[in-house]
Amino acid sequence: MIQAILVFNNHGKPRLVRFYQRFPEEIQQQIVRETFHLVLKRDDNICNFLEGGSLIGGPDYKLIYRHYATLYFVFCVDSSESELGILDLIQVHYILQEVVMGGMVLETNMNEIVAQIEAQNRLEKSEGGLSAAPARAVSAVKNINLPEIPRNINIGDLNIKVPNLSQFV
């Protein structure tokens with residue numbers, strides 16, 4: 001049984017919180033914080049299943065999550081739920097994000113929606129995820145092929161002297 005569905009951004013701010021078991025408001029907020037900290041500290045390349053937090057039921061409960069761009073989709077379920085089935089359900093929520101944004105329907109053409117999802121998946125695979133972006137940017141800058149490093153830059157009346165940058169290469 002699904003106990004809770006939580007969607008929060010990279011900073012832990014809840015975007016959607018649905019509890020299917022009654023908890024006081026303070027406990028719900030603690031569960032969101034605890035879940036965010038459990039999921040945030042995990043690397044993007046490891047399994048998307050982990051044991052539930054201490055507040056929501058302990059070892060009989062699992063957190064199943066996916067991280068898409070700036071959002072975490074987290075389902076808290078008991079042991080009777082299929083982990084892979086829940087991951088498929090999360091994919092449906094992700095697709096819904098492509099259809100509706102900010103309360104406005106962006107696209108209803110199913111072929112276009114599927115094409116955008118496939119393009120996003122290809123982009124994520126080709127880039128090695130968002131965590132690899134800083135390293136790729138540094139590598140791209142190092143691989144810029146300039147015939148000679150400019151020493152003076154003249155833009156109209158503005159003359160800029162460029163310091164020696166060899167220490168950074």
Side-chain angles (χ1 to χ4, degrees), residues 1-140:
M1 182 171 163
I2 297 173
Q3 299 298 319
I5 299 173
L6 310 171
V7 179
F8 42 81
N9 67 13
N10 288 339
H11 304 290
K13 184 174 181 180
R15 298 298 185 193
L16 171 73
V17 177
R18 295 278 190 264
F19 283 94
Y20 300 103
Q21 177 181 350
R22 191 168 277 313
F23 289 106
E25 182 69 29
E26 310 84 50
I27 299 296
Q28 288 182 10
Q29 291 175 359
Q30 287 177 344
I31 290 170
V32 170
R33 278 193 301 273
E34 179 182 354
T35 302
F36 172 69
H37 290 296
L38 285 171
V39 171
L40 180 69
K41 67 182 178 183
R42 295 175 60 88
D43 189 28
D44 286 340
N45 300 324
I46 60 175
C47 178
N48 292 23
F49 316 130
L50 65 136
E51 192 173 284
S54 59
L55 291 173
I56 204 158
D60 188 42
Y61 290 90
K62 294 174 271 194
L63 297 176
I64 301 167
Y65 70 95
R66 279 300 303 256
H67 183 208
Y68 291 109
T70 62
L71 293 177
Y72 287 91
F73 292 80
V74 183
F75 280 63
C76 178
V77 300
D78 63 18
S79 58
S80 68
E81 290 292 336
S82 163
E83 290 96 346
L84 296 176
I86 296 296
L87 276 178
D88 284 342
L89 184 59
I90 291 172
Q91 182 72 17
V92 171
H93 280 281
Y94 176 61
I95 291 171
L96 186 61
Q97 292 288 94
E98 291 294 320
V99 176
V100 178
M101 184 175 289
M104 305 256 325
V105 176
L106 298 177
E107 185 63 61
T108 58
N109 181 328
M110 190 54 94
N111 293 331
E112 183 63 28
I113 293 168
V114 170
Q116 291 301 320
I117 297 295
E118 289 173 349
Q120 180 67 29
N121 288 339
R122 282 192 305 274
L123 181 65
E124 286 178 5
K125 286 179 184 175
S126 71
E127 291 182 348
L130 292 176
S131 61
R136 285 191 311 278
V138 169
S139 175

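For the single chain, residues carry numbers from 1 onward in sequence order.
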Non-hydrogen side-chain atoms of [X] and [Y] separated by less than 4.5 Å:
| X | Y | answer |
| --- | --- | --- |
| Pro14 | Gln29 | no |
| Thr35 | Phe8 | yes |
| Leu6 | Phe36 | no |
| Phe73 | Ile64 | no |
| Ile86 | Ile2 | yes |

Decide side-chain contact (heavy atoms from CB on, under 4.5 Å) for Gln28 and Val32; before the verdict, give the C-alpha distance in whole Å, the side-chain angles of both, and the deciding distance to 0.1 Å.
CA-CA 6 Å; Gln28 288 182 10; Val32 170; 5.6 Å; no

Within a 6.0 Å radius of atom CZ on Arg18, are there more than 12 heavy atoms belonging to other residues, nucleotides or ligands?
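No, CZ of Arg18 has 12 or fewer neighbouring heavy atoms, counting only those of other groups under 6.0 Å.
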
Checking the side chain of [X] only, and the main-chain atoms of [Y] only, is there a donor and an acceptor separated by less than 3.5 Å?
| X | Y | result |
| --- | --- | --- |
| Arg33 | Gly12 | no |
| Glu81 | Met1 | yes |
| Asn9 | Thr70 | no |

Between atom [atom1] of [X] and atom [atom2] of [Y], what is the distance when rounded to the nearest 0.5 Å?
| X | Y | atom1 | atom2 | result |
| --- | --- | --- | --- | --- |
| Gln21 | Tyr61 | CD | OH | 5.5 Å |
| His11 | Leu40 | NE2 | CG | 10.5 Å |
| Leu50 | Glu83 | CG | CD | 11.0 Å |

Worked check of side-chain hydrogen bond (donor to acceptor under 3.5 Å, both in side chains) between His67 and Asn10:
CA-CA 9 Å; His67 183 208; Asn10 288 339; 2.9 Å; yes

Residues that Tyr65 engages under ring pair (Phe, Tyr, Trp, His ring centres under 6.0 Å), provided they are two or more places apart:
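Scan of Tyr65 (ring pair (Phe, Tyr, Trp, His ring centres under 6.0 Å), adjacent residues dropped) gives none.
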
